[in-house]
Amino acid sequence: MINCKVNGKVCSFNVDPAITLRDMLFYNGYRSVRDSDDGEGFCGSDTVLLNGIPVYANLVLAGEVEECEILTAEGLGDSSHLSIVQKALIDAGVVQSAYNSPATALLLTWLLERNPDPTKEDIKDVLSGIFIRDAGYEHYYLAVKLARDKIRYGTYRTKISPTFRSDLDIIGKPSAKIDGANLITAEKSYVEDFVDKDTCYLVVLRSPHASAYIKSIDVSKALNVDGVIEILTAFNTPETYYMQAGQGNPEPSPHDRRLFNMKVRHVGDRVAGIIAETKEAAEKARDLIKVEYEVLPAVFTVEDAMAEGAPLVHNGIVEYKTGAPEDLNLYNKKAGDKREGKVIYQFPLHADIRKNIAASNKGEIGDVEKAFSEADAIVENTYQTTQIQHTPLETHICYAKMEAGRLVVYASTQVPYHVRRIVSWVTGLSENKIHIIKTRVGGGYGSKQDILLEDLTAYASFVTKRPVLCHYTREEEFIASSTRHPMRVHVKIAGKKDGSITAIYMEVCANTGPYGNHCLTVPMNSCSKTLPLFKCDNMKYDLKVYYTNTPPAGAYQGYGTPKGTYGLMMAVSELAEKLNVDYKDMILKNHVEEGYMLEILKGLGEGREGAVVPVGSCGLREAILQGCDMIQWGKKVKTEDPDWKIGKGFAMIMQGSGLPGLDHSEAIAKLETDGSLIINSGGADIGTGLDTISAKIAAEVLKMSLDRITVISGDTDSCVFDTGSYASSGTFFSGNASLSAVNNLKEYILDEAAYQLNESKKHLVLIAPGAVQSSKTGKILTYAELSHNACSGSGYGQLVAHGVFTTKASSVPYGAHFVQLAVNIRTGEIKIQKFYALQDAGTPINPEIALCQMYGAVMKSIGHTLYENMILDKKGKCINANMTDYGVPMINEAPEDFKCVLIDVNDKYGPFGAKSISEIACNGAAPAIGIAIHDAIGVWINSWPMTPEKILKALGKI
Amino acid sequence: MEEKKLIIAKSITQAVKLKDKDSTFLSGGTEINRLGSLVNVNNLISIKKLFLNEISLAKLEEKDGKHHEYVKIGAGATFQSMIESEIVPDYLKTACYFMSSRTKRNMATIGGNVALLRDDSYLLPTLLASDSKLEFSTGRIINLDNYLIDNDKYKDNLIVCFYVNSKTFVSSKRYSNTAASHAVITMSVGWSRKNGFKVSLALKNSGVYVFPELAEFMDANLRSTETEFLNHFKSTKDFRIKDDMYGSADYKRYLLGITCFDLTNAVKTMREEVKK
Ligand SMILES: Cc1cc2nc3c(=O)[nH]c(=O)nc-3n(C[C@H](O)[C@H](O)[C@H](O)COP(=O)(O)OP(=O)(O)OC[C@H]3O[C@@H](n4cnc5c(N)ncnc54)[C@H](O)[C@@H]3O)c2cc1C
Ligand code: FES
């Protein structure tokens, strides 16, 4: 028995003293004490105060806290009684996917209690032990200022963010995220909070080989372990082929896998799934399974994969749902061993699995060769990017159970409806028998667009009829999740002496790993979200995607664009140098402007014909000019220390706002009988504030206060279809669907009010807070009265409106990111001194949250550029599959002077003029940093990560 | 995996008595309790309640028969408590900051860090370069160098405190990918009137080293230019060095040369400043 005080209460815990303090607390209901890294002591999700000092609860044993006082984040306040710091964190916009938010509230409360006037350094110090991937660290400084204001003056004196659209009341102004209070106080939010006590556990036996046929699997000993319920393998699971990419159906990704394959294709590939009553039993059984492998040679790079006679990752039968080539039978005669399985295309992706090509595409406008031959200068270079992990704080998790004959799946997902479709495919259940509940998502960044464990967990529950929990370890997150595709981007670019760019050729070779998730569309974005930045008549692209035996690749925030932008902008900068033109002048001369027809988009659809559209709202020029002013472009900065050289760089960037013609969003708006509102949105809020966007849109249109609006989202039973949160579609598509629903509801309200007031609709207007007024009679009918009347026996019934949003319009966010950095020419060390990110997001509906999205994305991309890299050994095993060795940036890596700026542009198609914000923010850091390094020391670093060793090599020091 | 067992020691005598080959002392727990710990022993003897965390000034009688003043740091002193102490020398505080996480610094102890002899050790190079000593529960005091060299002999002993000389000049540098990543190189150069230069190094995937020969060269002014340091580390066979995920051997050798040169200059500057 451990006796201690928790949050001021005397407690006794009947636990083994050698378990960790975190387990003692978490399993006794203190949900805030989470774990993101299996006890590695890195992320800080398990922070508590022990006798008044912050510690990691995972690194303390329960027996050590006898007679001690413990404070967890729950001790600060509940969602109805938020503490000043909790509230300030929400108001500052940092509570996003929020897995670590409760811990940060605890740390900053501790700081302010000891030091009411902390400096930036003090705050940095206190947050140095906490990993934040979603919102960056910048607005934590703001949160402390807000809390300090509140303590000192009783009100905020510090401005939270700029405001937009003075003609609107709620849109474009900061307002607390509607789920902020629940998240910061660690109320039930994430999948792990919904797991029942009687759950069983699913653990996966993973392949130690990068490529091998499974000859046999002996599970007899494993099945004898007490508590083991079932073991699933390729020998007892369906032969249904599908893919794990959460994309619109029919997907532009090949169906090239089953639940379990007879051939393993990467270290970490699924071999068996063990379902047992305890995790320990499942793990014990996993270790007793005997697998006989026939080990095969493997390929790890695109160069390996494209080599003549290279081992083939897939060499089975190929099928097409539509568009099969005429010589398919002949092609299939060359298929290898039966255990290779099948690859099924929904439509042609121009693949050739017998050459390891998973997909390809090419296109051209104008006459590139001619332009090259007439150029004054040509730059031709290859840029290499690496395999990067998303590292969401909440690792992948799924809990599934059978309830009343239906399969209920709690998923931390960006794509609930795609999860439902794929679960339906693997289980054979129709969609009405499957209920997906998207909980709050503790970080996704694209990795939760893929259905990586929901398929197997749901299937396991379906066949065993038991509740089943599967929770990835951090190592699994590296080896069995999705990652950023490593790419080789070859750019050839030509220009004239006057600074005009006359031809661009991009050849992109991407490594999709063992399966083809997003294999066509990610590399496509490397071209489709970069080439349209330029007013250039001659452009050509050629992309090929190769299968290899690395850990799988998939969707990652930015989706191919960061890599294309890196290559292209670096090449433009080099071209400017070669032509002796200032890079800024060259950019200003060649960037697109509103109205410019984007011919290049013709071939760059999602595997289909793309639409040629003009550039719409575009704040690009303003971003470039304002950023150049801020960074003092052209002004050389000198240091006193001759070892450190300063350089500046910038890159222009773009993205999309969903996939026009493919994405689809719906929402329902329901006026409740007391006049409050529930929106059932198909959209999946993954921490980015999408639910808040829906609520604010409704509040603006219906003149209601936010506390009278609830948004239920991502629940496939109660909501309506939405393709999901990816491709920067949330605000634009799901937001527009909510707008459509509330606009329709507004009409219903006016119709109903006209009926109830016996007046003409044309005299009625909505007024705040939540009422209809007649301009003729002055009469006011509150929504409560109106709705009550409508539902009280004689009315026309509850007011429910449905909204659908699809479009062919393309609303493109633009921006420019600026860097000033220092490079040490003797040690190769790099310090980011300034980072200014300027973006046109249309009208930012939640400006404070939008800014944090930008800070978070920039931090990630600084990480990708300078530190992060999954390293594989010769056998394809990831040797740095943990947080410490992998190298994510934390507060100590944040730029010294870091500013994100929202350019005020109003878009024609977005809800209240909004475009997307966060994905684009991943695109600028790599080229801006690369260009700044060149400016500082005169060398081009053409591969990620830009390490000190590469700097020293480029300088000829080693 | 066997289950862990925890015993909270109530006295130094009890802790020492309980210690056998199947058990280990549990101090800050930041190594023992973490995933992938280097310590694979399941019987843990917590020494937290022994309150070995005092930081004070102490005099030690040395071979010259004189009493020299040291900062005495209890083995259970945390990194953060050393940073907050008014008497801990700045060079050691710099090394404490090498542990970038404040929360971890609130937990991790100097005793735990030294006992681990990690090849990416935060404190060892600094403590070695400063000629620090340590005291076991038996009352025996030895130089840290001896603890390193004869570790098999000493590793099961309970360290109760360290003696750190605030008059030594020490400069240290740590190279790691991010601040929170493991270091590829942590190097220190120290100088004291009594012992002259001292160079120490923790090199990832290699080990912890002291280079007496190099120090002798430096004392004799045979290593003073950047090129001399670069060449020394380019060719030295004093330690194992290989290509790995932290960098190529060439890179590491180069960094060692440059860093040793820089640290030596930094120490010389400190010396000059004090003379003034
Ligand atoms: C994410 C992460 C990264 C890390 N990276 C590094 C790193 O880069 N470099 C590094 O040096 N460390 C690293 N560590 C390990 C650790 O934090 C430090 O080494 C720390 O100083 C260990 O001290 P402790 O008090 O926590 O030791 P403990 O974990 O309590 O003990 C460690 C060892 O020291 C022994 N020991 C402790 N006190 C005594 C004593 N008084 N007498 C004799 N033996 C004793 C124990 O028996 C045990 O074998 C890392 C830890 C984490 C969680
Ligand atoms: S040990 Fe702290 S989050 Fe895992």
Side-chain angles (χ1 to χ4, degrees), chain A residues 16-20 37-42 44 47 50 53-56 58-64 66 107 125-131 473-474 643 826-829 863 866-869 871 873 879-880 882-893 945 947-949 952-953 957-958, chain B residues 1 3-8 26 28-37 42-44 46 48-49 78 80-81 83 97 99-108 120 173 175-182 184 226 230 234 244-255 257-259 261-262:
Chain A
D16 175 353
I19 69 162
T20 64
D37 53 25
D38 312 321
E40 192 191 331
F42 186 93
T47 305
L50 180 59
I53 305 285
V55 297
Y56 296 141
N58 255 316
L59 305 185
V60 178
L61 300 184
E64 295 182 284
E66 180 73 29
L107 284 167
D125 187 45
V126 162
L127 295 179
S128 57
I130 204 125
F131 175 46
T473 62
R474 181 55 66 183
D643 291 351
R826 291 173 72 249
T827 61
E829 291 162 293
L866 296 178
Y867 317 111
E868 297 180 43
N869 185 12
I871 303 171
D873 69 9
I879 54 171
N880 59 343
N882 62 67
M883 301 299 286
T884 314
D885 286 325
Y886 172 67
V888 287
M890 291 169 73
I891 200 163
N892 280 303
E893 281 69 39
T947 59
E949 180 167 2
L952 292 172
K953 273 199 181 130
K957 305 263 179 182
I958 45 174
Chain B
M1 215 181 79
E3 281 188 6
K4 276 188 184 170
K5 284 201 188 79
L6 172 71
I7 300 167
I8 312 277
L26 171 65
T30 62
E31 178 63 39
I32 293 178
N33 293 330
R34 79 185 183 100
L35 175 80
S37 171
N42 284 321
N43 294 340
L44 306 178
S46 169
K48 262 191 204 148
K49 294 270 152 75
T78 63
Q80 189 59 29
S81 67
I83 286 171
Y97 275 116
M99 181 182 271
S100 65
S101 158
R102 167 65 184 269
T103 311
K104 212 163 65 187
R105 290 203 306 268
N106 289 337
M107 308 176 73
D120 53 10
K173 172 113 187 176
Y175 294 93
S176 58
N177 182 17
T178 65
S181 311
H182 296 308
V184 51
E226 184 174 301
L230 283 171
K234 211 173 196 174
D244 57 24
M245 71 176 187
Y246 299 94
S248 67
D250 286 350
Y251 165 64
K252 292 182 218 172
R253 284 183 184 277
Y254 168 85
L255 266 194
I258 282 283
T259 308
F261 171 72
D262 285 352

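Proteins come first, then strands; the chains are lettered A, B, ... in the order of their sequence lines, and each starts at number 1. What you are looking at is a predicted structure, and each value in this text was computed from that prediction instead of being measured.
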Would you check if the side chain of Asn106(B) reaches a backbone N or O of Pro54(A) as a donor-acceptor pair within less than 3.5 Å? yes
Heavy-atom cut-off 4.5 Å, strictly under: side chain, backbone, both or neither for Tyr886(A) against chain B? backbone
Determine the option with the most heavy-atom pairs under 4.5 angstrom with chain B, choosing from Glu40(A), Glu949(A), Arg474(A). Glu949(A)
CG-CZ distance between Leu35(B) and Phe42(A), expressed to the nearest 0.5 angstrom: 13.0 Å
Heavy-atom side-chain proximity of Thr947(A) to Tyr251(B) below 4.5 angstrom: no
Top residue by heavy-atom pair count (under 4.5 Å) with chain A, among Arg253(B), Lys234(B), Lys173(B)? Lys173(B)
Most contacts with chain A, counted as non-hydrogen pairs under 4.5 angstrom, among Leu26(B), Thr259(B), Asp250(B): Leu26(B)
Is the backbone of Tyr867(A) close enough, under 3.5 Å, to the side chain of Asn177(B) for a donor and an acceptor to pair up by distance? yes
Can you say whether Lys49(B) sits under 4.5 Å from chain A via the side chain, the backbone, both, or neither, judging by heavy atoms? side chain
Most chain A-contacting option - heavy-atom pairs closer than 4.5 Å, from Ser37(B), Ser100(B), Ser46(B): Ser100(B)
Residue from Asn892(A), Ile871(A), Ile53(A), Leu61(A) scoring the most non-hydrogen pairs under 4.5 Å with chain B is Leu61(A)
Taking every non-hydrogen atom, the tightest pair across Gly129(A) and Ser101(B): CA-OG, 3.3 Å
How far does NZ of Lys5(B) sit from CG of Asp16(A), to the nearest 0.5 angstrom? 9.5 Å
With a 4.5 angstrom heavy-atom cut-off, which part of Ser248(B) approaches chain A: side chain, backbone, both or neither? both
Could you tell me which portion of Leu866(A) (side chain, backbone, both or neither) has an atom closer than 4.5 angstrom to a non-hydrogen atom of chain B? backbone
With only heavy atoms counted, which part of Glu66(A) is less than 4.5 Å from chain B, the side chain, the backbone, both or neither? backbone
Max heavy-atom pair count under 4.5 Å with chain B, selected residue of Pro889(A), Gly41(A), Gly63(A): Gly63(A)
Tell me, side chain or backbone of Glu226(B) under 4.5 Å from chain A's heavy atoms, or both, or neither? side chain
Heavy-atom distances under 4.5 Å only: say whether Met107(B) touches chain A with side chain, backbone, both or neither. side chain
Do Thr827(A) and Ile258(B) pass the side-chain contact (heavy atoms from CB on, under 4.5 Å) test, and can you show the C-alpha distance, the side-chain angles, and the key distance before you say yes or no? CA-CA 8 Å; Thr827(A) 61; Ile258(B) 282 283; 4.2 Å; yes
Give, for atom CD1 of Ile958(A) and atom NZ of Lys252(B), the distance between the pair rounded to the nearest 0.5 Å. 11.5 Å
Quick check for you: among Asn880(A), Leu107(A), Leu59(A), Asn869(A), which has the greatest number of heavy-atom pairs under 4.5 Å with chain B? Leu59(A)
Which atoms of Ile8(B) approach chain A - backbone, side chain, both or neither, heavy atom under 4.5 Å: side chain
Heavy-atom distances under 4.5 Å only: say whether Ile32(B) touches chain A with side chain, backbone, both or neither. neither
Closest approach of Leu6(B) to Glu64(A) (non-hydrogen atoms, all atoms of both residues): CD2-N, 4.0 Å
What part of Lys48(B) gets closer than 4.5 Å to chain A, counting heavy atoms only: side chain, backbone, both or neither? side chain
Who among Ala62(A), Gly887(A), Pro948(A), Ser128(A) has the most heavy-atom pairs with chain B under 4.5 Å? Ser128(A)
If you measure from OG1 on Thr30(B) to CG on Asn58(A), what distance do you get to the nearest 0.5 Å? 12.5 Å
Out of Asp125(A), Asn882(A), Leu952(A), return the one with the most heavy atom pairs under 4.5 angstrom to chain B. Asp125(A)
So, the part of Arg105(B) with a heavy atom under 4.5 Å from chain A: the answer is side chain
Does Tyr254(B) use its side chain to pair, donor to acceptor, with the backbone of Arg826(A) at less than 3.5 Å? yes
Hey, what do you get for CD1 (Ile130(A)) to OG1 (Thr103(B)), rounding to the nearest 0.5 Å? 6.5 Å
